[in-house]
Amino acid sequence: MYTARNYIKAESLAQAHELNQRRGNAIIGGGCWMRMGERMYDTLIDLSGLGLDQIQDRGEEAALGAMVTLRQLETNFMLDKCFGGLFRKCTQHIVGVQFRNCATLGGSVYSRFGFSDIVTALLALSCQVELAGAGRIPLEEYVKLPRDRDVLSWVFVKKDGRPVAYETARNSETDLPVLTCALSKVGESWRAVIGARPGSPRVLEDSTWEGLEKQVLALEYGDNMRGSAKYRRHLAGVLLKRCKEQLEVSGV
Ligand SMILES: Cc1cc2nc3c(=O)[nH]c(=O)nc-3n(C[C@H](O)[C@H](O)[C@H](O)COP(=O)(O)OP(=O)(O)OC[C@H]3O[C@@H](n4cnc5c(N)ncnc54)[C@H](O)[C@@H]3O)c2cc1C
């Protein structure tokens with residue numbers, strides 16, 4: 001469990017950003033991941049007074065605040081309707097409801113874990129993240145950057161109506177995934193995202209289904225306590241086909 005000498009409820013994003021530049025300080029989201037460690041922080045910076053716990057329908061895009069919980073993502077009607085249940089499917093296996101009521105979108109996206117269900121799912125859509133310092137950048141770019149001291153405030157998801165499907169394999173219901181897979185179709189182009197390889201999610205695009213399958217099977221997979229590279233490669237092919245079947249059911 002972490003400890004902290006000081007706690008500040010930020011009054012503005014600018015203040016949160018400034019405070020976060022000091023080594024030893026950190027933003028706290030739900031604290032679910034941070035509590036797994038033993039770190040001693042100087043100041044924990046709380047964003048909960050900044051209105052970032054909202055999911056907003058802004059016409060052409062959905063705006064998701066950094067303090068939105070995984071449970072909010074799972075149960076939001078607008079997200080369910082606009083993204084074919086993607087947010088429900090990518091959150092429902094994460095630990096349990098009480099956990100999902102605490103863990104935040106900001107903590108999940110900032111952490112950029114290789115196993116992240118959330119990042120895998122978001123990468124199948126057209127997303128941008130807003131950072132207090134660096135401004136808006138595509139999520140695809142953000143996931144490749146090292147973790148720095150910027151503050152993630154919003155995630156914007158384009159409501160472009162693309163069909164999207166999500167599948168995951170776990171050794172037991174609430175364990176971390178052995179593999180994550182999201183599939184979408186933009187015009188005539190397929191877009192697959194494979195995560196928990198166990199490295200960071202990879203985005204693959206191809207104009208043909210055969211080409212996409214080939215790319216997915218050719219990806220680099222690794223071994224860890226949850227599965228071997230060989231098993232993961234096999235799973236990737238299976239989950240990809242299941243995603244395609246989901247899209248076919250919805251008329252693609
Ligand atoms: C036991 C366990 C099982 C899990 N299983 C899964 C799983 O199956 N699938 C999955 O996808 N995820 C899983 N996760 C990860 C989880 O979903 C969250 O990603 C994680 O808890 C982080 O969210 P949080 O709000 O608790 O972040 P915190 O613990 O509060 O913060 C995590 C990190 O993010 C930083 N941070 C938080 N918010 C911001 C912000 N707005 N801007 C900048 N930095 C920020 C913090 O400083 C810290 O470094 C699991 C986590 C745990 C602890």
Side-chain angles (χ1 to χ4, degrees), residues 54-66 68-95 97 100-101 103-105 108-109 115-129 138-140 142-143 154-170 173-174 177-196 201-209 211-213 215-216 235-252:
Q54 293 175 38
I55 295 174
Q56 298 173 351
D57 185 346
R58 295 195 187 167
E60 288 189 353
E61 62 185 11
L64 317 176
V68 162
T69 65
L70 303 190
R71 183 69 175 160
Q72 281 175 273
L73 293 178
E74 182 183 359
T75 55
N76 184 272
F77 180 72
M78 182 270 290
L79 292 183
D80 218 47
K81 204 174 91 190
C82 295
F83 302 103
L86 177 75
F87 286 90
R88 183 169 29 86
K89 290 175 197 158
C90 77
T91 49
Q92 66 191 356
H93 299 290
I94 302 177
V95 188
V97 171
R100 298 198 293 277
N101 272 327
T104 63
L105 174 67
S108 303
V109 175
F115 60 74
S116 177
D117 289 285
I118 315 292
V119 175
T120 302
L122 286 173
L123 283 170
L125 302 171
S126 173
C127 291
Q128 293 192 317
V129 294
L139 176 67
E140 225 173 311
Y142 183 66
V143 293
W154 291 91
V155 175
F156 297 99
V157 191
K158 213 164 182 196
K159 286 163 56 188
D160 56 13
R162 72 178 70 179
V164 59
Y166 188 76
E167 284 284 336
T168 174
R170 293 170 140 82
E173 174 70 14
T174 56
V178 185
L179 200 86
T180 58
C181 175
L183 178 71
S184 62
K185 202 167 183 201
V186 195
E188 290 309 303
S189 184
W190 294 99
R191 181 180 174 93
V193 189
I194 308 290
R202 290 288 300 275
V203 179
L204 306 167
E205 287 179 330
D206 209 293
S207 56
T208 68
W209 177 253
L212 186 77
E213 263 189 325
Q215 285 197 57
V216 165
L235 277 179
V238 173
L239 297 191
L240 189 72
K241 280 202 187 95
R242 286 186 190 163
C243 281
K244 185 168 181 250
E245 281 164 16
Q246 279 186 40
L247 294 190
E248 281 165 355
V249 168
S250 62
V252 175

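Distance check, rounded to the nearest 0.5 Å: NZ of K241 to CH2 of W209 gives 8.0 Å. For the atom pair D117 CG and Q92 CD, the distance stands at 10.0 Å (nearest 0.5 Å). Distance CG/L179 to CZ/R170: 11.0 Å, rounded to 0.5 Å. To the nearest 0.5 Å, atoms CG (L73) and CZ (R88) are separated by 12.5 Å. Distance CD/Q72 to OG1/T104: 10.0 Å, rounded to 0.5 Å. Interatomic distance, L247 CG to W190 CH2, rounded to the nearest 0.5 Å: 5.5 Å.
Scanning for side-chain contact (heavy atoms from CB on, under 4.5 Å) contacts around A63 gives Q56, R58, W154, F156, with sequence neighbours left out. Considering only residues two or more places apart in sequence or on other chains, C82 meets the side-chain contact (heavy atoms from CB on, under 4.5 Å) condition with M78, K159. Taking R100 as the reference, L70, R71, E74, T91, I94, V97 meet the side-chain contact (heavy atoms from CB on, under 4.5 Å) condition, with sequence neighbours excluded.
Remark: the E167 side chain and the Q246 side chain contain an N/O donor-acceptor pair separated by less than 3.5 Å.
Annotation: side chain of V68 is not in contact with side chain of L79 (no heavy-atom distance under 4.5 Å). Side-chain contact between E188 and S207 is absent, with no heavy atoms from C-beta onward closer than 4.5 Å. Residues H93 and E173 have side chains in contact (heavy-atom distance under 4.5 Å, counting atoms from C-beta outward). In this structure the side chain of T120 never reaches within 4.5 angstrom of the side chain of T168, judged on heavy atoms. Looking at heavy atoms from C-beta onward, F83 lies out of side-chain contact with N76 at the 4.5 angstrom threshold. Under the 4.5 Å side-chain criterion, counting only non-hydrogen atoms from C-beta, R162 is in contact with S126.
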Check: Which is it for K244 and E248 under the salt bridge (Lys or Arg N to Asp or Glu O under 4.0 Å) test, yes or no, and what are the steps along the way?
Finding: CA-CA 6 Å; K244 185 168 181 250; E248 281 165 355; 3.3 Å; yes
Note to self: side-chain contact (heavy atoms from CB on, under 4.5 Å) for F87 and L64? Distances and angles first, verdict last.
What the structure shows: CA-CA 12 Å; F87 286 90; L64 317 176; 4.0 Å; yes
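Residues L235 and A169 come closest through the heavy atom pair CD1-CB, 3.8 Å. Counting all heavy atoms, side chain and backbone alike, L122 lies closest to L139 at CB-CD2, 3.5 Å. Minimum heavy-atom separation, C181 to I194: SG-CD1, 3.8 Å. The shortest heavy-atom contact between V193 and A124 is CG2-N, 3.7 Å. Of all the heavy atoms in V119 and V109, the pair that sits closest is CG2-CA, 4.3 Å. Contact detail for D206 and G211: the closest heavy-atom pair is OD2-C, 3.4 Å.
Under a 3.5 Å cut-off, the side chain of R191 and the backbone N or O of L123 do form a donor-acceptor pair.
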